[in-house]
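Quick caveat, the model's predicted, so the values are computed rather than measured.
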Amino acid sequence: MLKFIPVIPLLFLLFTMLNGCNSSEPDVAANTKEQTPSPSVVTTANGTAVQTPTAAPTPAEIAVGCSQPVASEQTKNLFRFRQDGKWGYFQADGTTVIPPKYDYATDFSDELATVYINNKLQLINVRGDIVVERDGNKENVGPFHNGMAILSTGIWMTYMNTKGEQVLNQVTKEAALLQDFYEGMALVELFSGKSGYINVNGEWIVPPVYEKGTYFSLGMAAVKKEGKWGFIAKDGSMKIPFQYEDAASFQECLASVKDTGGFGFIDLEGRVVIPTQFEFAESFSNGLALVRQDGKYGFILPNGEIKLPITMAFATSFKEGLSFAEQNGRYGFINQDGNWVIEPQYDYSTLSEFRGGLAIVQKNGVWTYIDRSGKIVRETEALDSI
């Protein structure tokens with residue numbers, strides 16, 4: 001007999017990943033001459049000479065008055081695992097808290113997780129108590145942010161609150177794409193292709209006049225208009241002109257941007273802090289930004305100084321002080337000094353990053369949770385496919 005396997009959660013997960021890629025990968029092009037009237041010439045990571053502002057703010061100046069944005073990582077109250085095709089949860093020491101009985105289960109966020117059992121969708125708390133139950137297996141609830149989660153019915157999308165109530169239906173009925181709420185605002189992309197921002201009451205605070213957008217962070221969001229990206233405030237006023245080919249939300253007080261020279265970083269005033277010179281640059285995380293040059297990866301500091309040489313075959317952004325990196329076709333974890341903390345011995349997996357003190361790794365087809373010393377905490381069946 002075939003086991004019940006909800007298809008919608010996997011489709012929704014893929015959609016969310018693509019949505020996240022669209023909203024976080026930089027889109028950028030800046031005229032640094034207009035922003036920096038006193039340039040000096042420096043040699044970049046690829047050996048070419050570019051202009052950089054002599055009056056660029058120092059990392060200490062950048063941090064003054066700049067609070068950190070809310071992390072977008074899901075809360076790891078408990079960790080999910082699979083056994084005999086069923087899903088359950090355990091705590092960080094490996095002890096089972098909720099036995100494996102669900103047909104599918106998601107990570108916890110805001111102390112709630114979505115599970116599927118007997119053709120029911122349930123929201124459960126960390127004790128396994130049912131908080132909300134809905135009929136059918138064709139709905140999916142994304143992670144909660146600011147007390148709201150994206151609800152997908154397989155036909156349309158809207159929002160759900162922590163009580164399980166569908167909300168903001170009036171505005172979302174015209175939506176082709178929704179983003180989570182950050183700083184009380186969420187991006188809504190209409191079927192017309194235009195995007196704007198609503199508040200938690202479903203009111204348009206920034207009218208849908210943009211082509212694309214990112215989430216709000218530090219009071220600003222990157223938006224695209226007439227093919228160029230810039231930054232707006234929560235009232236819709238322009239903060240940084242539309243001049244970039246790509247742009248990402250601010251993280252750790254800097255935003256990754258791209259122009260014809262490549263990717264670089266600007267501060268909250270739009271000043272170029274790190275010249276555009278890289279093939280790709282992810283947002284800052286744990287004080288370092290992952291960059292790529294000539295197909296190789298490395299890390300830079302907020303002042304543009306190269307912290308770890310751009311020579312690695314592959315690496316991910318630092319999470320909880322560790323990066324998932326490659327050496328000779330195997331993967332392990334390095335610290336911020338570039339030293340191997342957990343030797344490269346694992347297969348590649350998109351799930352391999354530390355959250356809540358544990359990471360999921362795969363080795364020779366076996367999936368395990370490991371702690372920061374590399375010790376196996378718990379084995380699990382594959383979590384990226386069912």
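- Salt-bridge check for E183 with K234: passed, with a basic side-chain N closer than 4.0 Å to an acidic carboxylate O.
- Ring geometry for F216 versus Y197: interplanar angle over 60°, hence perpendicular rather than tilted (30 to 60°).
- No hydrogens or angles considered: a donor-acceptor pair under 3.5 Å links the side chains of E282 and S317.
- We find that E353 and R355 are joined by a salt bridge, their nearest charged nitrogen and carboxylate oxygen being less than 4.0 Å apart.
- Using a cut-off of 4.0 Å between Lys/Arg side-chain N and Asp/Glu carboxylate O, K375 and D371 are scored as not salt-bridged.
- Using cut-offs of 30° and 60° for the angle between ring planes, the F280 and F263 rings count as perpendicular.
- Ring centroid separation for the pair Y369 and F81 does not come in under the 6.0 Å cut-off.
- T96 and R378 share a donor-acceptor pair across their side chains, judged by distance under 3.5 Å alone.
- Remark: aromatic rings of F79 and F108 are distant, center separation not under 6.0 Å.
- Partners of Y102 according to the ring pair (Phe, Tyr, Trp, His ring centres under 6.0 Å) rule, which considers only residues two or more places apart in sequence or in another chain, do not exist here.
- Note: F242 and Y210 have parallel aromatic rings, judged against thresholds of 30 and 60 degrees for the angle between ring planes.
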Inset, instruction - Please report the C-alpha distance between T368 and K363 in whole Å, then the side-chain angles of each, then the deciding distance to 0.1 Å, and finally whether the side-chain contact (heavy atoms from CB on, under 4.5 Å) criterion is met. - result: CA-CA 8 Å; T368 58; K363 185 176 182 179; over 6 Å; no
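- Y182 and H145 have tilted rings, their planes meeting at an angle from 30° to 60° on a 0 to 90° scale.
- Ring-centre distance between F318 and F299: below the 6.0 Å cut-off.
- For the pair L123 and E133, the minimum side-chain heavy-atom distance is 4.5 Å or more.
- Side-chain atoms of N146 never come within 3.5 Å of backbone atoms of M148 as a donor-acceptor pair (strictly under, hydrogens ignored).
- Side-chain contact of S217 with S249: a donor-acceptor pair under 3.5 Å is absent, judged by distance alone.
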Legend entry - Verdict with reasoning, F324 to F314, per ring-ring contact (aromatic ring centres under 6.0 Å, His included): CA-CA 8 Å; F324 190 58; F314 176 82; 7.0 Å; no
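- By the 4.5 Å heavy-atom criterion applied to side chains, L178 and L187 are not counted as neighbours.
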Inset, instruction - Under the side chain to side chain donor-acceptor pair (under 3.5 Å) rule, what do S152 and N140 come out as? Steps first, then yes or no, please. - result: CA-CA 5 Å; S152 173; N140 185 274; over 6 Å; no
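- The backbone N or O of Y244 lies less than 3.5 Å from no partner atom in the side chain of D259, so there is not a single donor-acceptor pair.
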